Each structure stands twice: as structure tokens, then as C-alpha cells.
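Per chain, numbering begins at 1; letters A, B, ... match sequence-line order. None of the values given here were measured: they were computed from a predicted structure. Because only heavy atoms are used, hydrogens play no part in the values below, and waters and symmetry mates are left out as well, while side chains stay in.
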Amino acid sequence: MIDQFPALQIMVTLVAAPICVMIRNPRWSWVCAMVANTFAFLVSLVLLDKVLDDGVIRYAVGGWAAPSGIEYYIDAMNAAVLVLVSGISAVVLLYAYRSVAKSVPAEKHYLFYTAWMMCVTGLLGIVITGDAFNVFVFLEISSLSMYTLISFGQDRRALTASFRYLVLGSVGASFILIGIGFLYAATGTLNMSDLAVRIPESESQRAVLVAFSFLTMGVLIKSAVFPLHAWLPNAYTHAPVAVTAFLAGTATKVSLYVLLRFFFSVFGKDYSFGQHLLNGVLLPAAVAGFVLMSLVAIFQNDLRRMLAYSSVAQVGYIVAGFSLATQSGLTAGIVHVVNHGMVKACLFMAVGCILYRVGHVHTPSLDNLLKRMPFTCVAFIISGLGLIGVPLTVGFVSKFTLIQASLEKGWWAIAALVLLSSLMAIVYVGRVIEIMVFRRSRETGPESSGMSEAPLSMLIPLYVLVGVSLYFGINGSATLEVAGQAATYLLGGLQ
Amino acid sequence: MAMNSDKQADSGVAAGADSTGPESMAPLARYFRWTDNPASIDRFIRILSYVCVVLFLIDIVWPRYTKVPGEGLWGFYAIIGFVFFSLFVVASRFLRLFTERGADYYAPDCVDAEEYPESATEQLSHAQRPNDTLSSLGRQMLGRDTNGSGREGASS
Amino acid sequence: MMNLMAPPFLYLIAALICPFLPSRWRALLLLGIPVFALMVMLAYPAGEHVVWSVVGFDLTFMRVDKLSTIFGIIFSIAALLSGLYAWHVRDTVQQVATLAYAGAAIGGVFAGDLISLFLWWEGTAVASVFLIWARRTPAATATGMRYLLIQVLSGVLLLAGLLVHYHDTGSIAFEHLGLVSTGTFLIFLSFGIKCAFPLLHNWLADAYPAATITGTVVLSAFTTKMAVYALARGYAGTEVLIYIGAVMALFPIILAVVEDDLQRVLAYSLNSQLGFMVVGVGIGSDMSISGSAAHAFCSVLYQGLLFMSVGAVVYRTGTSRASRLGGLYRTMPVTMLCCLVGAASISAVPLFSGFVSKSLILDASGYNGNYLVWLALLAASVGTVVHTSIKVPFTLFFSHDSGKRPAEAPVHMRLAMIIAAFLCVIIGVFPGLLYSLLPFSVDYHPYTFDHVLVQFQLLLFAALAFVVLKKIGLYPRTVASTMLDVDVIYRKWIPARLPLVARRVADLNASARQSALGLLGNGYGVIERLTRPGAPLARGWSVASMMFVVIVLMCAVLVLNLL
């Protein structure tokens with residue numbers, strides 16, 4: 001049974017999707033999705049445990065061995081991402097029930113959960129597969145369902161946001177497809193391990209180079225690296241907030257995983273960083289991203305938009321960590337993938353709670369919110385501190401590692417800029433906290449008096465995730481160890 | 001060592017006594033009354049001058065032991081004493097032209113500008129002088145003082 | 001437990017229990033502790049005792065040898081006499097401060113290492129300032145603060161010096177240091193402040209007159225003599241000290257001659273006497289070091305005596321200003337006689353204590369070949385006659401009659417003064433008593449005919465000069481005034497110019513800030529224009545512009561990769 005777990009990881013949610021369609025009842029389709037997602041989470045935990053104990057798992061889908069067949073390939077790196085994706089998805093799905101019930105018409109709920117299931121399937125698939133073309137397929141599955149999910153947003157701007165994302169996402173996906181095509185042409189294989197072996201031997205290096213360029217561009221678009229991020233703020237702002245929490249925690253992170261997989265496992269570190277691309281384009285883009293986007297976040301009055309820009313900035317940190325291409329840099333990047341995933345999901349869930357009760361998230365109007373929604377605000381503050389990188393939170397673990405890594409490499413400027421943008425994070429998070437906690441309510445209307453906390457079914461998932469992130473903040477070595485192992489795998493190439 | 005306590009003046013009388021009369025003077029001080037008399041002072045100065053002349057003359061007849069060149073000159077020390085004394089006085093007067101300021105120059109941060117706090121002193125006139133003797137001090141120290149402790153005052 | 005019986009700790013313990021005793025017992029404690037501690041001190045055999053190991057350092061609290069013992073003895077005597085003199089004082093603050101201060105000073109001279117020396121060094125500073133503050137006037141508070149600042153600065157310099165010294169040599173022993181490194185230089189400077197070197201001396205003339213009557217007497221004994229001891233221990237034979245000492249002996253004279261406040265006159269003369277000791281330390285021969293120790297011993301006594309007599313006058317009249325006093329001999333003859341003994345001692349009249357100690361230093365400098373220094377010290381001896389021996393008794397007790405008829409000093413003050421005067425005379429008549437205590441055995445006979453002759457020539461001709469100058473009206477009459485000293489720099493000039501400088505700095509700061517703010521504002525404007533909601537960086541881009549960026553970047557990537 002346990003041998004079949006890699007397949008099960010994908011199949012459970014994939015099968016749950018059509019079942020949801022058939023159920024049609026909002027509640028039961030949610031239950032079905034929830035059960036499937038929980039199961040997927042448990043499977044991913046088992047897989048992670050197994051990988052950490054026994055090393056890499058290879059699973060030939062349908063019994064056809066690689067390279068002709070499709071192979072699922074699981075190491076510490078993607079096992080961790082699998083846990084992250086399925087875990088956040090499960091928590092947010094639990095949270096989504098009440099949130100969605102309010103913002104999405106009841107007759108569309110079953111479609112919502114179906115799309116969600118498809119999206120999870122796609123994301124998990126991208127992570128688990130060891131086949132380049134399969135990556136594209138799953139990417140399309142997840143992307144299309146994501147567009148759908150975003151379009152469930154309350155107002156019509158969700159539709160344009162979704163459409164813009166659709167265009168950009170399709171361009172990205174086709175770039176990836178083109179890249180994979182060139183790779184296939186140059187090497188004659190689609191299996192990643194096989195590619196890693198054959199790329200250096202390939203006679204048409206130019207084709208490989210073009211493939212590399214297209215793949216990079218495609219993945220950068222999907223992971224919203226500055227300046228290819230423009231689709232993200234609108235999408236995050238106008239999508240249903242549960243979707244935003246889900247996407248912020250998982251979607252961009254999975255794209256970053258793809259970036260890592262291709263750079264380090266397929267092309268190899270020496271090849272990837274031998275090009276001017278990474279030093280010349282990726283690192284400056286990442287640094288400009290986290291500085292400029294933090295700056296932009298300061299001036300945003302919509303809480304979701306602020307967090308969206310902050311997300312772009314955080315992606316900048318992660319990519320900067322990758323660009324260092326050292327053990328510690330990579331560790332920092334991977335740790336931040338996980339940590340930021342958790343923190344951002346928490347923040348958006350808290351925002352969802354506020355939205356659920358207050359009806360808007362216009363920052364200046366959230367004065368004295370602590371009185372009305374103490375639990376939500378406390379969760380927001382804890383996660384906000386995590387976003388800034390206060391010691392004993394996850395943000396500190398990853399930022400500290402990142403600064404250490406850049407100092408190790410002697411790139412003082414990067415370390416300084418990371419600190420600078422952390423200062424900006426203090427400003428934009430602090431501003432919100434200041435308004436929530438200290439600013440006295442100007443109007444003393446009836447709605448400002450008394451407590452109106454979000455429902456428990458939203459608070460519990462929120463606090464579960466806050467608790468987990470706190471745990472990993474205090475016990476930073478747990479995530480660092482997994483990330484370090486993953487970094488070692490990546491730098492050593494595929495075994 | 002019972003200094004001036006032997007002849008205690010009656011305070012009622014002393015309060016009205018004139019300030020130069022013998023009653024307003026401690027017994028011991030009578031030996032110094034000549035300092036108020038200009039003629040005595042002149043005599044004192046004359047004696048001082050004679051002694052100085054004698055000392056100077058000794059220098060001529062007595063070859064002194066010397067350790068520093070020039071020390072053996074006639075009247076070396078006498079000249080040093082006289083000249084330097086004058087020099088210091090003149091130099092101070094000269095310096096005073098430049099460095100003298102009003103008494104309250106540093107006020108209020110300097111004690112020159114204020115009086116000594118009266119509570120820490122016991123400003124009695126001669127007529128009011130307390131009858132304290134060694135034995136009264138001894139009694140105070142042994143704690144057998146019956147009436148004198150009020151006299152001490154001056155605690156702050 | 002026996003370690004706590006070491007004299008400095010005895011004083012500290014006494015200072016701790018003092019506040020809890022009834023008033024008579026507090027005053028008795030001030031008399032009893034010095035006697036008891038002196039006996040304990042003399043019971044210690046030579047060598048190092050009371051060594052405590054603290055964080056890896058062996059702190060020696062009782063390094064007993066002849067040099068430290070002579071200072072210990074005179075400090076004990078000074079503590080006893082000032083205790084007796086202050087019998088009438090029932091102010092707990094002053095009593096505790098006196099005990100702690102005397103204990104710290106005695107601790108300082110017995111400290112065998114620099115760290116414990118530092119502790120006592122700061123201890124004297126902190127304890128003694130209360131004797132000034134105990135006057136309880138605003139001016140005394142301000143003066144005490146100035147005094148404390150300078151004293152603590154000295155302590156800080158000592159700490160810095162000892163750290164550097166420890167870093168250099170790995171030793172904290174307080175032995176001969178010499179001016180050889182940064183560390184020893186800092187320590188030297190620290191000692192120099194407490195010893196009132198020229199230009200570092202202002203605190204002395206500033207603070208001593210500001211203390212209480214009894215506090216001034218206590219202050220005059222300890223701090224500076226401890227510094228002399230420290231110099232003798234650490235910097236004996238350092239040549240620069242000879243010149244420092246010579247200047248130090250000379251320059252206070254001209255300030256003292258015209259000074260109106262007699263307590264300040266005495267402070268200046270104390271400073272001048274310290275110059276003699278510093279010269280002796282600087283010469284560094286057995287004879288001169290012994291001379292310095294002997295002179296310190298005698299100077300504690302006669303300087304204390306002079307301060308006591310002036311203090312007695314203040315106690316009875318409320319002022320120490322020469323311009324308001326005069327003719328007091330009529331009613332204060334005992335005080336007058338004691339003051340005369342002190343004056344005779346300080347001007348080294350034969351048969352008085354200054355004669356037997358000052359001669360040691362003078363002769364040592366003469367034998368040493370520093371003729372100019374010798375001459376300077378000779379001149380300073382004459383100067384002492386000018387400003388102290390003649391001026392103080394003359395203006396207080398004779399001169400013109402001020403009309404004041406104060407009562408004689410209280411009996412305990414008289415007793416203290418008489419004991420001090422008695423000791424001055426005893427030492428002057430039997431110098432062997434003092435010489436047996438000296439750190440080096442000296443074979444010196446002050447009472448030769450030559451010596452006595454020249455001393456009388458010097459002094460009597462100085463007196464003659466006084467008479468002559470007085471006759472022709474050149475001798476300055478003091479008036480109520482303030483004589484500027486070097487401290488005018490930090491007390492007036494700098495504070496006076498500070499507002500101007502501060503305004504300049506403020507203007508500069510304001511303009512710099514304005515331009516910086518302008519820059520910042522502009523920068524902020526640019527940032528805000530770029531990043532506020534709806535600005536280019538922050539608005540939702542159209543599909544076309546997104547695609548444009550993608551294409552541009554793609555081209556860049558391709559070009560870069562194909563290069």
C-alpha cells in the first residue's frame with residue numbers, strides 16, 4: 001500500500017473533483033473536498049517521513065519505467081513542499097467554508113470546491129512529478145482552476161483580474177511549453193533525471209540555451225517575480241479571500257519550486273549560474289523586487305493589496321536566496337518558501353476574518369479593531385511580526401539565514417538591502433497594527449461597540465496555522481534542517 | 001589647660017561693656033595688648049630691624065656650609081627673603097589688575113557670594129561665651145552632662 | 001572575619017553602623033575608631049595582608065611597609081583630631097562621610113594593587129563630596145558637583161590607565177610604574193588631578209572653602225596626601241615631577257596673597273606645600289622621598305591646625321573673609337596662639353614641624369643639582385610666609401579692629417587645636433620621632449648652626465619686607481572680591497561662549513536638517529509618486545503593458561544568454 005502513496009497523493013484530490021460536481025450540495029461537496037484534502041495531507045506527511053528516513057522515492061506511473069514512462073520523483077525538497085501545499089490547502093479549506101458561504105452564491109459552491117480540488121491536484125502534481133512535460137500538464141490544470149477560483153470574487157473586478165492573470169499565466173505556461181519543447185528537441189527525453197544527464201552531452205547547446213531562457217521566463221511569470229508580478233496584486237485583491245490565502249501560501253511557492261527544480265536538478269547549478277541570466281537578471285530583479293515592492297506596500301490602503309505587494313517582495317527574498325547558489329543561500333530560500341507560505345496564509349486568513357465581519361479592509365477605517373475582534377487582531381499581529389522578521393518568529397529564521405548567506409558570500413549590499421526592506425516591513429505592518437490597536441475610533445456608532453469576533457470555524461484554522469508558524473519560529477532548526485537537506489540534494493544534482 | 005574659663009564674666013554686665021575695655025578681653029589676650037599700641041609696634045619693628053642687622057652681620061664673619069653655588073654669598077638668604085617677599089607682593093598686586101572680579105562673579109554657584117549658613121555656627125559674642133571647660137567636655141563625652149548639651153547647638 | 005579588622009574596613013563598618021547610634025555615641029565613634037584602627041594598623045607586621053581573590057585578581061588590601069604606614073599613622077591622627085574638632089557636629093551625614101572618607105583614604109595608602117586602589121580612590125571622591133554638600137546651600141551643592149565631577153574624572157582616568165596597564169603588562173600590582181606607557185601616563189594624570197597639579201588644581205581652591213567648617217578640616221588631610229603617597233609609590237624619580245612640583249609650589253602664592261577668603265588662602269597654601277612634596281617625589285632619592293613623606297606628615301598637622309583655627313573663627317563669626325575680620329586676638333587668644341603655631345610650622349621656623357621636614361626636601365633638591373628648582377622652593381618658602389604665616393594670623397587676629405568680639409572657640413575645638421599645635425612643636429623639637437617613621441632611614445640633622453641661621457635670615461628678612469611694605473603702603477589690603485583662577489575657563493568663559501557656539505551649531509544643524517529634509521521630502525515625493533496607490537508601480541497594469549514587460553525582459557534574457 002505504502003508503495004502506491006505517490007500516486008495516491010495525486011489521485012485522491014483528482015477523484016474528489018468530479019465527485020464534488022456530482023454531489024452539487026454545498027455542504028457535502030465541501031465535506032468531500034475536506035476529506036480528500038485531509039487524506040492528501042496525511043499522505044504527504046507519510047511521504048516526507050519516508051523520504052527523510054530512506055532517501056529519494058521513485059515511482060513509475062502505471063508501471064512504465066522512466067525515461068519512456070512518467071516518473072514521480074520525491075526527495076526532501078518536494079516532500080516538504082507537498083506537505084506545505086496540502087497542509088495549507090487543508091487548513092484554508094476548513095476556513096473557507098464560512099468565508100465562501102458569505103461571498104459566493106450557494107449554487108456555485110460545488111464548482112468552487114471542484115476548482116479547488118483541481119487546483120490542489122495540479123499543484124501537488126507539479127511538485128511530485130519527475131517528468132518535464134508532466135510539469136506543464138499539471139501547471140495548466142492548476143492554472144486554469146486558479147483562474148476559475150479567482151473569478152469567484154465578489155465584484156466584477158475579479159473577472160478582469162482573472163482575465164489578466166489568464167493572459168499572463170498562459171504566456172508563462174506557453175513559454176514553459178516552448179522551453180520543454182526545445183529541451184526535448186535537444187536531448188530527446190522528458191524525464192528530469194535523464195535530462196540532467198543528457199543536457200551536458202547535447203550537441204545543440206544553443207537549443208538548450210533557448211530552452212533555458214524560455215523556461216526561466218515562464219516560471220518567473222508564474223511565480224510573480226518583479227517586474228513580472230503585475231498580475232498578482234489585482235488577483236490577490238479581488239479573489240475570494242480564502243482563495244487568496246490558499247494561493248499566497250501555495251501557488252507562487254510551487255512555481256518557485258519549479259524554478260529550483262529546473263535550475264538545480266535539470267540544468268545543474270554550474271550551468272544555470274554559468275549564464276549571465278541569473279547574476280545579470282534574476283538577482284537584480286529580486287533585489288529591486290523586495291525593495292520597491294516593500295515601498296509600494298507602505299502606501300497601500302487596501303489591506304489585501306498591501307499584503308499582495310508584500311508577497312511580491314517576499315518572492316524577491318526567496319529568489320535572491322536562490323541566486324546566491326550556495327548551500328546557505330539555497331537553504332534560506334527554501335526555508336523562506338515554507339515560512340512565508342505559512343505567514344502569508346495566516347495574514348490573509350486574518351484579513352478574511354476582518355472582511356467577514358467588517359465588510360471591508362480599508363486600512364484607515366480599521367481603527368480600534370482590537371476591541372471588536374481581539375482574536376483576529378492578535379493573530380494578525382503575530383503573523384505580522386513574523387512577516388517583519390521579529391526574533392522567535394519564522395520570518396526571523398529565514399531572514400537571518402538569508403543575511404548570513406549573503407554575508408558568507410561577501411555581498412554586503414544585499415544584506416543591507418534585506419535589512420532596509422525589513423525596516424519597510426516594520427513600517428507597513430506597524431502602520432496597520434497602530435491603527436488596529438492604538439487609534440481611537442472616531443465615530444462612536446453602535447457597530448464600533450461590543451465584540452463581533454469571526455466564527456470559530458474560521459478562527460480555529462487561523463490559530464492552527466499561527467500556532468504552527470510560531471512553533472517553527474521558536475524551533476527554527478526543524479525547518480532549517482529539512483531545507484538544508486533539500487539544498488544539499490539540489491546542489492548535488494539528482495542521484 | 002583651663003584656658004579662659006577661670007575668670008568668667010557675668011553675662012549681664014558684659015553685654016553692656018564697651019568693646020575695648022579690659023572686660024571685653026580674654027585674660028590671655030592681655031599679653032598681646034601692645035599690638036594695639038603704635039609705639040609698641042614701632043619698638044617691635046626696631047627690634048626686628050636690629051635682629052636682622054645682626055643676622056646679616058653674622059653672615060660676614062661666619063663661613064657657612066654651602067651645597068649650592070652662590071649660596072655662600074653674603075646675606076644670600078636675607079636677600080632672597082626680602083626680595084622674593086617684595087616680588088610676590090608686587091606680582092600679586094600686578095596680577096590683581098587683571099584677575100580681580102566682583103565678589104559675586106561666580107554667583108550663584110560659588111560660596112563667595114553667600115554667607116555661611118548661620119545654623120551651622122554658634123555665633124556668640126565674648127560676653128555670651130559659654131562656660132565650657134575640659135571637665136564639662138569630659139562630662140559631655142561620658143554622657144553625664146546635665147545642662148550643657150543645649151549649648152552645643154550647631155547641629156544641622 | 002579577621003580580614004574585616006583591617007583599618008579601612010573598620011572605618012567602613014563604623015560608617016555603616018554610625019547612623020543607627022544615638023548622637024553622643026556617633027561623636028564618640030569618630031574619636032574611638034581612629035584610635036582603635038591605629039592600634040590595629042600598627043599591629044600588622046610588614047608585608048601583604050588581607051589578600052582577596054576576586055574574579056581572578058588578587059586584591060591586596062593591606063600592603064604594610066614604612067611608606068604606607070607613615071601615611072596611615074598621620075591619617076589616623078588627622079581622623080582623630082578632626083573627630084575631636086567636630087565634637088559639636090550632630091549631623092549624621094557629615095559623621096558618616098568623615099568615617100567613610102578617612103577609611104577610604106587609609107585604604108588607598110594600604111592598597112597593594114591598582115584595582116583596590118581604584119576602589120578607594122573613587123571612595124574618597126564619593127565620601128568627601130558629602131562634606132561639601134552638608135553645608136546645604138545652593139552654592140555648596142553646585143561646588144560639590146564640580147568637585148565630584150573632577151574627582152570622579154580622576155577615578156575614571158585611573159580605571160582607564162589600569163586597564164591599559166593591565167593589558168600591556170598583565171600585572172595589576174601597584175609598584176613603581178614610571179612614565180613609560182599610555183597606561184602609566186593615564187594613571188599619572190589621575191594622580192595629578194588628585195594631587196592638584198598646576199592647571200588641574202582648581203578643584204582644591206574651589207571646593208575646600210565650600211565645605212562645612214569641620215568638613216574643610218577633614219578634606220585638607222586626606223585626598224591630596226593620598227595622591228602624594230600614590231605618586232611616591234608609583235612615580236618616584238620621575239623627573240617631570242620636579243618641575244611640576246616647582247611650579248606648583250610657586251604659582252598659588254600670588255593667587256593667595258590677594259585672596260580675601262582665608263580658607264581659600266589656606267587651600268592655595270596647601271597646594272603650594274604639595275608642590276614641595278611633589279618635588280621630593282620627583283627627585284626620587286631616599287632623602288627626598290623621606291622628605292616628602294615627612295612633609296606630608298607635618299603638613300597634615302599644621303595645615304589642619306590652620307584650617308581648624310580659621311574654622312573656629314568662622315564658627316564664632318560666620319565668615320572667613322579677611323576684609324570682615326581683624327583684631328580677634330582680644331577674645332580668641334587660644335585660637336590665635338594655635339594659629340601662630342601653625343603659621344610658624346608652615347613657614348618652617350626652627351623648633352616647629354615644617355622646619356624639620358621642608359629642609360629635607362630643600363637639601364635633597366640642592367644636592368641633586370637642580371639649582372633652579374632649589375631656588376624656586378626657597379622662593380616658595382618665602383611665599384608661604386607672605387600668604388599664610390603672616391597674612392592669616394595678622395588679618396584674623398591683629399590688623400585693624402573689626403569690632404567683632406566673638407567668644408573663644410568651644411573647648412573641644414581648642415583641645416583639638418592645642419593637640420595639633422603640641423604635635424607640631426614636638427616634631428619640631430624632637431625630629432628624631434618623625435625621622436624614625438620615614439620610609440628610608442635618613443641621617444639628617446636639621447639643627448645645625450648654619451641651617452638655623454639661614455632659616456632665620458630668610459624668615460626675618462621676609463618679615464622685615466612685610467613691615468617695610470606695610471609702612472610704604474604697598475602691602476595689599478584684601479577686599480571682598482573674586483580672584484580669577486584657571487577654572488574661570490570652564491566656569492565662565494566656556495559657559496559664556498557656549499550659547500554662541502550652541503546657536504551656531506543649532507543654526508548649522510537647522511540648515512543641514514532643512515536641506516536634508518528637503519532632500520528627503522523630494523525623495524519621498526518621488527517614491528510616493530512611484531508607489532502610492534494608482535502610481536505606475538502600484539496600479540494594475542494593463543495586459544498590454546504586462547506583455548510589453550515580458551517581451552522586453554525576454555529579449556534581455558535571450559540577448560544576455562546568447563552573448
Side-chain angles (χ1 to χ4, degrees), chain B residues 3-4 19 24-26 28-29 32 35 45 48 51-52 55 58 64-65 67-68 77-78 80-82 84-86 88-89 91-93 95-96 99-101 103 105-106 108-112 114-118 120-126 128-129 132-134 137 141 143 152 154-156, chain C residues 24 88 90-91 136-140 142-143 209-210 212 253-254 257-258 261 314-318 329-331 333-334 366-367 371 374 378-379 382-383 386 398 403 405 407-408 410-412 414 450 453-454 456-458 460-465 467 469 474-476 480-484 491:
Chain B
M3 284 137 282
N4 59 349
S19 58
S24 66
M25 191 170 272
L28 194 60
F32 295 90
T35 56
I45 293 173
L48 179 66
V51 172
C52 285
L55 284 173
I58 293 176
R64 275 184 287 114
Y65 166 78
K67 54 192 177 301
V68 175
Y77 283 93
I80 289 279
F82 195 89
F84 272 106
F85 193 105
S86 316
F88 282 127
V89 169
S92 316
R93 295 197 69 142
L95 187 74
R96 197 178 192 176
T99 63
E100 186 159 30
R101 297 288 187 278
Y105 183 65
Y106 286 126
D109 288 344
C110 184
V111 287
D112 293 357
E114 63 181 25
E115 295 300 315
Y116 192 88
E118 207 177 329
T121 63
E122 194 183 12
Q123 299 184 21
L124 303 175
S125 74
H126 181 66
Q128 300 164 311
R129 63 188 178 279
D132 53 353
T133 59
L134 269 185
L137 179 66
M141 286 185 177
E152 294 169 19
S155 58
S156 46
Chain C
R24 186 169 64 86
H88 66 282
R90 291 293 183 266
D91 178 7
R136 296 190 173 84
T137 65
T143 310
T212 60
I253 293 168
I254 39 179
V257 172
V258 286
D261 186 339
V314 179
Y315 186 68
R316 284 307 192 207
T317 65
Y329 84 93
R330 293 176 181 81
T331 54
V334 178
Y367 287 127
Y371 302 134
W374 174 79
L378 210 55
V382 179
V386 183
F398 304 105
R405 294 288 179 270
E408 180 59 279
V411 65
H412 59 273
R414 269 178 281 161
D450 285 2
L453 172 68
V454 297
F456 273 122
Q457 284 177 341
L458 194 72
L460 289 180
F461 271 88
L464 193 66
V467 170
L469 290 172
L474 257 179
Y475 191 80
S481 66
T482 303
M483 296 303 293
L484 295 191
R491 287 174 70 183

Practice prompt. For the residue pair H88(C) and Y315(C), categorise the inter-ring angle as parallel (less than 30°), tilted (30 to 60°) or perpendicular (more than 60°).
Written response: tilted
Discussion item. What part of T143(C) gets within 4.5 angstrom of chain B, counting heavy atoms only: side chain, backbone, both, or neither?
Written reply: both
Practice prompt. Please report the closest heavy-atom contact between V334(C) and E408(C), naming both atoms and the distance.
Written response: N-OE2, 2.9 Å
Fill in: Interchain contact, V51(B) with chain C, by part (heavy-atom threshold 4.5 Å)
side chain
Discussion item. Looking only at the aromatic ring of each residue, does the gap between the centers of Y329(C) and F398(C) stay below 6.0 angstrom?
Written reply: yes
Item to complete: Among the options A142(C), A379(C), A463(C), pick out the one with the most heavy-atom pairs lying under 4.5 Å from chain B.
Response: A379(C)
Worksheet item: How far apart are the closest heavy atoms of T121(B) and G318(C), and which atoms are they?
Response: CG2-CA, 4.5 Å
Worksheet item: Is chain B contacted by the side chain of F456(C), its backbone, both, or neither, given a heavy-atom distance below 4.5 Å?
Response: both
Response to the item:
So, the part of R24(C) with a heavy atom under 4.5 Å from chain B: the answer is side chain
Worksheet item: Which of the residues V467(C), L458(C), L378(C) is involved in the greatest number of heavy-atom pairs with chain B at under 4.5 angstrom?
Response: L458(C)
Practice prompt. Sort I45(B) into side chain, backbone, both or neither according to what part of it lies under 4.5 angstrom from a heavy atom of chain C.
Written response: side chain
Worksheet item: Taking V89(B), V111(B), I80(B) one by one, which has the highest count of heavy-atom pairs under 4.5 Å against chain C?
Response: V111(B)
Worksheet entry | CG-CZ distance between L464(C) and F82(B), expressed to the nearest 0.5 angstrom | 5.5 Å
Worksheet item: Under 3.5 Å, side chain of D132(B) to main-chain N/O of P410(C), donor-acceptor pair present?
Response: no
Worksheet item: Between Q123(B) and E118(B), is there a donor-acceptor pair closer than 3.5 Å when you use the side chain of the first and the backbone of the second?
Response: no
Worksheet entry | Most contacts with chain B, counted as non-hydrogen pairs under 4.5 angstrom, among I254(C), L460(C), T212(C) | I254(C)
Response to the item:
Turns out that what part of V314(C) lies under 4.5 Å from chain B's heavy atoms comes down to both
Worksheet item: Taking P117(B), C110(B), A29(B), S86(B) one by one, which has the highest count of heavy-atom pairs under 4.5 Å against chain C?
Response: A29(B)
Discussion item. Whether the side chain of R93(B) engages the backbone of L474(C) through a donor-acceptor N/O pair (distance < 3.5 Å, no angle test) should be reported.
Written reply: yes
Item to complete: Report the option among P138(C), P476(C), P209(C) that has the most heavy-atom pairs separated by less than 4.5 Å from atoms of chain B.
Response: P476(C)
Fill in: Heavy-atom proximity to chain B below 4.5 Å, by part of L469(C)
side chain
Worksheet item: Do S125(B) and Q128(B) have side-chain atoms, one donor and one acceptor, less than 3.5 Å apart?
Response: yes
